[in-house]
Amino acid sequence: MRIATYNVNSIHARLPSLQRWLQETSPDVACLQELKTPSEKFPEAAIRELGYGVIWHGQKSYNGVAILSKGCEPTEIRRALPGDPEDLHSRYIEAVVRDVVIGCLYLPNGNPAPGEKFDYKLRWLERLRVHAAELIGSGNAVVLAGDYNVIPTGNDVYKPERWVDDALFRVETREAFGRIVEQGWVDAIRHLHPDATIYTFWDYFRNAYGRDAGLRIDHLLLNAPALRRLKAGGVNRDVRGWEKPSDHAPTWIELED
DNA sequence: ATGTCCCGCACGGCGGGA
């Protein structure tokens, strides 16, 4: 069972690339972020034509998340991260696909930091910590996949010294992410490739992809039942080199059925 | 500081977000 996460940076702008990627790699589950569309304009038919069931939670202009599952419908559990009913950003959707609980998340960027946006990011990370604690021991295999907007360590960025004041790499951000991981979650890609340089994002500026000046910010966190089934994982980095790419590349893992 | 892409608004670039 292959599970992928892909920040598309607009589902409409990215539909040709998304279709090509789904056809070429055929993931069983695809978690999408940054749809940038109201729910009613989500291209449901185009997704279903490729053989995927789908649930989504859109928002005009910003954010937006979706879970696609090949050959079946995701069974929705929730479409908001608990803990703040006044937070209306579409940043979280959760479903069961076959026997795996999938949380699809788009964590706030948080820049500029410090500031209100950074405070919101840290509150969101704390809400995720509380919810992750509920999920981890639920008895199911659980995968929390998405754009975390967190660079976990200096090995996950091309020049860490340039990012120390950025909301993606500030100490507060890494510590908040660490408090989630220490519950017993495993960062699947780093677990499989402990010493490799792996990026999932290259910004559109200054030929970042051509220079391989990237960041690793798209993660799949696994609880123990999921980790026991982990076989492989990686990044479809060539997708970042396609015409009209997202600034992120799809990141995937394979679990035993 | 800059760079680029995408959105809405509303048809021409501009502001906001990343």
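To find a chain, count down the sequence lines: A is the first, B the second, and so on, and within it residues start at 1.
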Next item on the list: Would you indicate which nucleotide in B:dT2, B:dC7, B:dC6 comes nearest to any side-chain atom of A:Arg206?
Entry: B:dT2
Next item on the list: Determine, using ring centers only, whether A:Tyr120 and A:His89 are less than 6.0 Å apart.
Entry: yes
Check: B:dA18 P sits how many Å from A:Phe205 CZ, rounded?
Finding: 12 Å
Notebook entry, point to check: Are A:Arg14 and B:dC6 close enough that a side-chain N or O sits under 4.0 Å from OP1 or OP2?
Noted result: yes
Note to self: If you compare every side-chain N and O of A:Lys121 against the phosphate oxygens of B:dG17 (OP1, OP2), does one of them come in below 4.0 Å?
What the structure shows: no
Next item on the list: Quote, to the nearest angstrom, the P distance that separates B:dA1 from B:dG12.
Entry: 34 Å
Check: Roughly how many Å is it from CD in A:Glu243 to P in B:dC5, rounded to a whole number?
Finding: 12 Å
Notebook entry, point to check: Just how far, in rounded Å, is P of B:dC5 from CZ of A:Phe201?
Noted result: 13 Å
Margin query: Work out how far the P atom of B:dA10 is from that of B:dC5, and round it to whole angstrom.
Written below: 25 Å
Check: Taking the side chain of A:Tyr62 as heavy atoms from C-beta outward, which of B:dA18, B:dG8, B:dG16 is closest to it?
Finding: B:dG16
Notebook entry, point to check: Can you check the A:His248 NE2 to B:dC5 P distance for me, whole Å?
Noted result: 15 Å
Checklist line | A:Asp165 and A:Arg162 ion-paired at < 4.0 Å | finding: no
Notebook entry, point to check: Taking atom CD1 of A:Ile11 and atom CH2 of A:Trp56, what is their separation to the nearest 0.5 Å?
Noted result: 10.5 Å
Next item on the list: Take A:Pro108 and A:Tyr204, find for each the nucleotide of DNA chain B with the closest heavy atom, and name the residue whose nucleotide sits nearer the 5' end.
Entry: A:Tyr204
Check: How about A:His57 and A:Tyr92: are their ring centroids closer than 6.0 Å?
Finding: no
Check: For the side chain of A:Ala13, counting heavy atoms from C-beta on, which of B:dG8, B:dC6, B:dG16 is nearest?
Finding: B:dC6
Item checked: Integer-rounded Å distance: B:dG17 P and A:Asp203 CG -> 18 Å
Next item on the list: Hey, which sits more toward the 5' end of DNA chain B by its nearest nucleotide, A:Asn9 or A:Asp247?
Entry: A:Asn9
Notebook entry, point to check: Are A:Trp163 and A:Phe169 close enough that their ring centers fall under 6.0 Å?
Noted result: no
Check: Once you round it to whole Å, what is the distance between C1' of B:dG17 and CD of A:Gln59?
Finding: 12 Å
Notebook entry, point to check: Roughly, in whole Å, what's the span from NZ in A:Lys60 to P in B:dG15?
Noted result: 19 Å
Margin query: Does B:dG17 have OP1 or OP2 under 4.0 Å away from a side-chain N or O of A:Lys117?
Written below: yes
Note to self: What's A:Tyr106 touching, base or sugar-phosphate or nothing? Going by heavy atoms closer than 4.0 Å.
What the structure shows: sugar-phosphate
Item checked: Euclidean distance, atom CG of residue A:Leu35 to atom C1' of B:dC6 [Å, nearest integer] -> 13 Å
